[in-house]
Trainee: 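I have a structure I would like to understand better, so I am pasting it below and will then ask my questions one at a time.
The chains referred to below are lettered A, B, ... by the order of the sequence lines, with proteins before strands, and numbering in each begins at 1.
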Amino acid sequence: MTMARATTSRRSFLGHSYSLVGVVAALVILAWTLVAILAPYVIPHSIGDIVDDDYFGPMRQGLWLGSDYLGRDMLSRVLMGARYTVGISLAAVSIACFSGVVLGMIAAVTGGWLDTCLSRFLDAMNSIPSKLFGLVVVAAVGSSIPVLILTLAVIYTPGAYRFARALAVNINTMDFITVARVRGESTAYLIGSEILPNIIRPVLADFGLRFVFIVLLLSGLSFLGLGLQPPLADWGALVRENIGGLPFAAPAVIVPSLAIASLTISVNLLIDNLPQKIRDRDA
Amino acid sequence: MSNLVEVRNLRIEAKTDAGRLVEIIKGVSLDIADGEIVALIGESGSGKTTVALSLMGYARPGCRITGGEINVSGRNMAALSEKERARLRGTDIAYVPQSAAASFNPSSTIMEQVIEVTRIHRLMPAERARQRAVELFRALSLPDPEGIGARYPHQVSGGQLQRLSAAMALISDPKLVIFDEPTTALDVTTQIDVLKAFKSVMRAGGVAGVYVSHDLAVVAQIADRIVVLKGGEVQETGTTAAILSAAQHPYTRELLAAFEPKPRQAHADADAGTKQLLRIDNVTAGYGAVRADGLPLIRAVDSVSLVVEKGRNLGVIGESGCGKSTLARVIAGIHPAAAGDIVFDGKELQRAARKRSQEQLREMQIVFQYADTALNPAKPVEDIISRPLAFYHRLDRQARSKRVDELLDMVRLPRTLRYRHPSELSGGQKQRVNFARALAANPKLIICDEITSALDTVVASAVIELLKELQRELGLSYIFISHDLSVVEAICDEIMVMYNGERVEQITPDKLKAPTHPYSKLLFSSVPKLDPTWLDGLVRDPELVSQYGHR
Amino acid sequence: MKSGVLNLVLKRLGIAAVTLLIVMFAVFFATSMLPGDTASILLGQAATPEAVAGLREAMHLNDPAILRFLRWLLGLLHGDLGTSYANEMPVATLIGGRLLNTMKLAGITTLLSVPLALTLGITAAMLRGSVYDRTVTVLSIGVISVPEFMVATLAVLLFAVYLKWLPALSSVNEAHSLTDLVRIYAMPVITLTFVISAQMIRMTRAAVIETLSTPYVEMALLKGASRSRMVLRHALPNALGPIVNAVALSLSYLVGGVIIVETIFNYPGIAKLMVDAVATRDLPLIQSCAMIFCLGYLFLITAADIVAIMSNPRLR
């Protein structure tokens with residue numbers, strides 16, 4: 001990676017160096033986040049209103065992104081879709097990473113039977129393919145927004161746990177942890193003050209990756225008709241609804257696809273191009 | 001061209017994290033005649049390995065040769081194409097790495113790797129190459145020369161791998177061999193064998209060599225001439241005898257001075273040493289399954305007893321794997337003992353640190369070898385030192401800040417360093433912070449586990465001086481664990497020799513010349529002296545070596 | 001040293017067995033949570049309460065969950081997967097042919113994607129920093145970042161709609177000649193290969209680059225070895241463990257990919273069967289399909305771990 005990094009253009013600011021790709025990716029993510037927050041106030045039409053006589057209408061004035069298979073305004077539906085896709089994924093990834101990281105650090109520091117049981121159980125959970133798990137649970141309990149969030153969180157907790165535990169186990173072997181232990185420090189102090197600051201960067205990168213996985217899985221489930229139920233629609237559901245427009249290359253099917261891709265690719269690029277702290281500042 | 005190697009005004013640049021270019025070799029020139037062995041000596045970061053590698057036309061990733069000439073047998077390595085350089089590597093110029101253990105491919109046999117050079121350059125048929133390898137194994141006095149080639153690297157000891165990598169370098173009859181700190185990772189008793197083997201094959205073949213090292217005494221045994229490097233520049237060049245007897249440059253003198261034994265003055269104060277601070281009786285500890293008698297399967301420490309008196313220091317010395325570090329961890333309660341008693345300041349201590357009282361934990365501090373892993377990289381120096389102040393002494397923010405200043409003064413660090421993170425400190429500074437944290441607890445006993453081993457000679461002797469001073473001021477006691485006799489000698493009142501988990505002998509520094517136990521004799525006689533004739537004149541009892549030497 | 005390997009392998013198999021048990025438990029209970037009363041669903045809205053009660057009794061739906069789990073487990077051991085609620089056919093019969101179809105799809109994809117991905121990953125690592133390497137890296141990030149259905153729809157758009165080379169739907173029964181067969185499998189296989197290869201390329205590249213920075217590869221360089229010798233002789237044998245893991249992990253993405261791909265292309269495989277079963281809440285069918293997928297997944301990661309253990313020279 002260092003070679004690729006050295007050749008992409010980087011600028012420094014406030015003791016960090018930034019790459020252009022990373023900045024652009026961050027701006028795209030920021031834009032979608034703003035859309036997710038502000039969507040209800042800016043959409044030109046209600047998402048249920050049929051505003052076009054034609055279905056799969058082309059892009060034109062007033063209907064900037066054309067219309068969908070029922071003649072509804074695509075712009076409104078895509079903007080509101082961002083709210084569901086980003087919101088549900090963010091909630092799920094937050095729950096998954098928080099519980100995974102806390103459990104992982106506790107397991108690493110405590111060790112012994114707690115670590116063994118927790119690891120064995122979560123590893124077993126991990127060997128249920130994610131899409132299958134989603135399929136079964138969502139079909140079983142129905143698919144309201146809270147159920148979706150919880151299911152996605154449960155699916156991705158074992159991965160977050162495994163990742164954080166591996167990092168924490170490495171830190172745990174360091175002498176400064178031993179020093180803190182023989183000082184008589186509590187487990188809470190070890191986790192919060194000695195381990196967490198040392199794993200926070202990779203954990204945040206993992207948070208981003210997991211967010212991408214969740215967006216993809218949510219879109220996949222919605223595409224199968226097992227995600228959000230009509231009339232609500234996230235981006236995956238928008239693609240499913242309008243798949244009939246594929247032969248005419250209708251914007252109704254292309255735009256939500258592009259929306260998903262722009263978000264996930266941006267997150268991936270941002271992770272690969274995070275600002276780097278300049279370490280040799282006084283050299 | 002009269003010399004085999006003529007380096008003129010060599011310049012090498014390295015790229016930093018921020019993408020800035022820094023010149024790390026600033027115009028180095030040196031010559032090596034045919035059959036001559038030249039030592040490159042200097043502290044870490046002096047550029048000695050970088051210069052040595054440049055003789056093969058190679059700069060590590062991130063570095064670039066930017067100027068000068070590197071003439072090796074008439075060809076300028078700096079100007080050749082990568083393909084032409086590859087043709088000379090392994091044939092004309094060969095390399096013996098610092099860590100042979102890491103430099104052997106773990107998934108291929110030793111013989112395959114030793115003769116690989118002859119395959120790459122099509123020098124001789126494989127059968128002939130194998131015979132030649134076995135001859136070299138024999139010349140390097142490796143055990144089982146016929147069979148050792150069939151083994152995998154992990155099945156062979158470190159000292160043997162180091163000699164095998166010399167065989168790997170010599171198989172193509174090179175004109176020049178580069179030795180990159182080849183004995184640094186070895187124990188002293190093993191180092192002797194490896195040095196002797198290197199010296200005899202180099203002499204026999206009349207091969208020229210570059211010997212990179214930080215250890216003047218080792219270099220004195222093998223080099224004809226010494227080049228002293230610091231900060232990417234040559235400080236001084238001269239014959240070995242001249243450098244040792246009449247060094248001109250201040251840095252060289254500093255290096256030499258660090259070697260001079262600074263015997264510890266006997267304690268003037270009469271009250272010191274009258275009271276026992278720590279006593280351990282028949283302590284046993286180890287790893288693996290617990291047997292029926294409650295003792296572990298593998299015993300790293302085997303019924304060891306020792307006494308540390310108030311205000312005095314105990315040195316524990318031994319080679320890697322002798323159990324000295326485990327002993328430190330047992331005393332500190334990190335690795336609870338399986339049997340035996342620990343009495344500290346008149347009170348029986350629990351074996352596990354977890355069960356000791358906060359006061360007991362405070363009074364006994366441990367300082368580790370690698371300051372890199374002993375300091376939390378995510379915290380500034382200030383936070384690292386003030387945590388024990390808050391934890392043990394419950395000082396408020398203001399009192400803590402004042403005390404941090406005092407502690408930084410004590411370990412001779414500038415106060416402004418408190419805002420820095422460990423990664424922004426040098427090795428010696430880190431070790432001082434590490435020590436300041438232990439002092440912050442106001443302990444009675446500090447266990448020092450190899451705290452100078454990762455430091456350069458000059459820096460290490462400064463740290464030792466600091467420790468002595470602090471002891472005088474604060475009336476501390478140290479348990480000083482080390483593999484380096486000169487370090488222990490400089491600071492300890494008593495020295496305990498360990499071998500194979502057992503206490504072999506305990507003596508005082510003034511009796512070092514006359515140890516009674518055979519292992520102590522072997523160990524003490526293996527420490528290299530600055531005298532260039534020391535290795536050739538060294539006579540060792542072969543029976544002793546076979547009994548205690550590391551194969 | 002042989003016994004060390006054997007012990008490790010046995011231990012790994014033991015872990016796999018424990019995992020399987022936990023997974024079976026999880027699958028059984030997840031499916032037991034299906035809402036609605038199965039008996040009333042089966043009998044339809046016109047059913048009398050007596051009929052529903054009778055059916056519940058006959059299907060053991062009133063027994064405690066643990067008893068039903070054990071009965072189901074016992075059935076599995078005898079090869080009895082139960083009877084489909086939806087059309088009263090034995091689940092084994094329903095699954096049989098479908099499983100074969102899915103295996104064919106997965107098999108062809110594996111044969112295609114593994115050599116492709118390994119070649120791309122290893123060559124990208126060898127030519128690290130080159131235009132080729134960066135192109136491969138960017139493309140694989142791109143493919144990883146988009147959902148499988150997008151890769152599939154793009155493939156349809158390109159090959160079926162725009163170029164009109166291939167049919168948009170796959171129906172195995174219409175295959176009469178080799179060209180027919182190719183035309184049927186092409187689309188699902190292309191989509192799956194894309195999805196799986198991207199991950200494999202990235203992980204293989206990372207594993208090789210990691211070993212390329214070890215001291216023994218530098219040593220090979222200083223012996224005068226060529227770039228290809230350094231990679232093939234020194235880096236690759238030691239990167240084998242991580243690479244095998246990458247392959248297994250990526251192949252397990254087949255499970256997820258197959259669910260989407262079979263649905264989109266209407267391919268008569270087991271994943272399509274399962275998606276349909278979810279729609280009709282056909283409990284025994286869902287359970288069996290889920291178990292087959294988990295079993296396949298578990299088999300792959302266990303096999304990879306065992307190969308990694310065997311390829312470790314320190315244990316030989």
Side-chain angles (χ1 to χ4, degrees), chain A residues 1-4 6-8 120-121 123-142 209 212-213 215-226 235-236 239-240 243 246-249 253-254 256-258 260-269 271-272, chain C residues 15-16 18-23 25-27 30-35 128-129 133-134 137 141-142 144-150 153-154 156-157 160-162 168 206 209 252-260 263-264 271 274-275 277-279 281 286-287 289-290 293-294 296-298 301-302:
Chain A
M1 271 294 147
T2 43
M3 262 197 184
T7 44
T8 53
R120 190 63 63 243
F121 176 70
D123 272 355
M125 295 288 289
N126 215 5
S127 50
I128 303 175
S130 57
K131 209 152 278 150
L132 193 79
F133 197 109
L135 208 71
V136 171
V137 174
V138 169
V141 208
L209 274 183
V212 170
F213 288 147
V215 169
L216 296 183
L217 180 55
L218 175 64
S219 309
L221 285 177
S222 291
F223 182 78
L224 290 175
L226 296 164
W235 290 337
V239 177
R240 173 192 167 84
I243 197 80
L246 192 60
F248 339 116
V253 60
I254 291 172
S257 301
L258 288 181
I260 298 172
S262 69
L263 179 65
T264 51
I265 292 177
S266 296
V267 174
N268 266 332
L269 287 178
I271 293 168
D272 278 0
Chain C
I15 290 174
V18 173
T19 310
L20 186 63
L21 209 66
I22 298 178
V23 168
F25 214 70
V27 166
T31 45
S32 301
M33 289 192 307
L34 279 172
R128 189 180 167 196
D133 174 35
R134 268 187 265 166
T137 308
I141 287 191
I144 286 175
S145 307
V146 302
E148 295 99 337
F149 64 78
M150 237 178 95
T153 44
L154 277 178
V156 171
L157 207 57
V161 178
Y162 186 67
I209 281 179
S252 60
Y253 279 82
L254 266 175
V255 176
V258 128
I259 292 177
I260 298 283
T263 310
I264 289 186
M274 186 174 167
V275 174
V278 168
R281 294 194 173 128
I286 297 175
Q287 281 169 348
C289 292
F293 280 124
C294 290
Y297 188 95
L298 205 59
I301 49 178
T302 307

Trainee: Taking every non-hydrogen pair under 4.5 Å, which of C:Ile259, C:Asp133, C:Leu20, C:Ile144 racks up the most with chain A?
Mentor: C:Ile259
Trainee: Can you tell me which portion of A:Ile243 sits under 4.5 Å from chain C's heavy atoms? Options are side chain, backbone, both or neither.
Mentor: side chain
Trainee: Side chains of C:Ile264 and A:Phe223, heavy atoms from C-beta outward: is any pair under 4.5 Å?
Mentor: yes
Trainee: Could you measure the distance from the CE atom of A:Met125 to the CZ atom of A:Phe133? Nearest 0.5 Å is fine.
Mentor: 4.0 Å
Trainee: Rounded to the nearest 0.5 Å, what separates atom NZ in A:Lys131 from atom CG in A:Leu224?
Mentor: 8.0 Å
Trainee: Could you tell me the separation between the CD1 atom of A:Ile254 and the OG atom of A:Ser257, rounded to the nearest 0.5 Å?
Mentor: 7.5 Å
Trainee: Hey, which of C:Val23, C:Ile301, C:Leu154 has the most heavy atom pairs under 4.5 Å with chain A?
Mentor: C:Val23
Trainee: Using non-hydrogen atoms and a 4.5 Å limit, figure out which bit of A:Ser219 sits close to chain C: side chain, backbone, both or neither.
Mentor: both
Trainee: Can you tell me how far the CG atom of A:Leu209 sits from the OG1 atom of A:Thr264, to the nearest 0.5 Å?
Mentor: 11.5 Å
Trainee: Under a 4.5 Å heavy-atom cut-off, does chain C meet the side chain of A:Leu132, its backbone, both or neither?
Mentor: both
Trainee: Side chain from CB out, backbone as N, CA, C, O: work out which of these in C:Ile15 comes under 4.5 Å of a heavy atom of chain A, or both, or neither.
Mentor: side chain
Trainee: Counting only heavy atoms closer than 4.5 Å, note whether C:Thr263 contacts chain A via side chain, backbone, both or neither.
Mentor: side chain
Trainee: I need the minimum non-hydrogen distance between C:Val258 and C:Ala271, along with the two atoms involved.
Mentor: CG1-CB, 3.4 Å
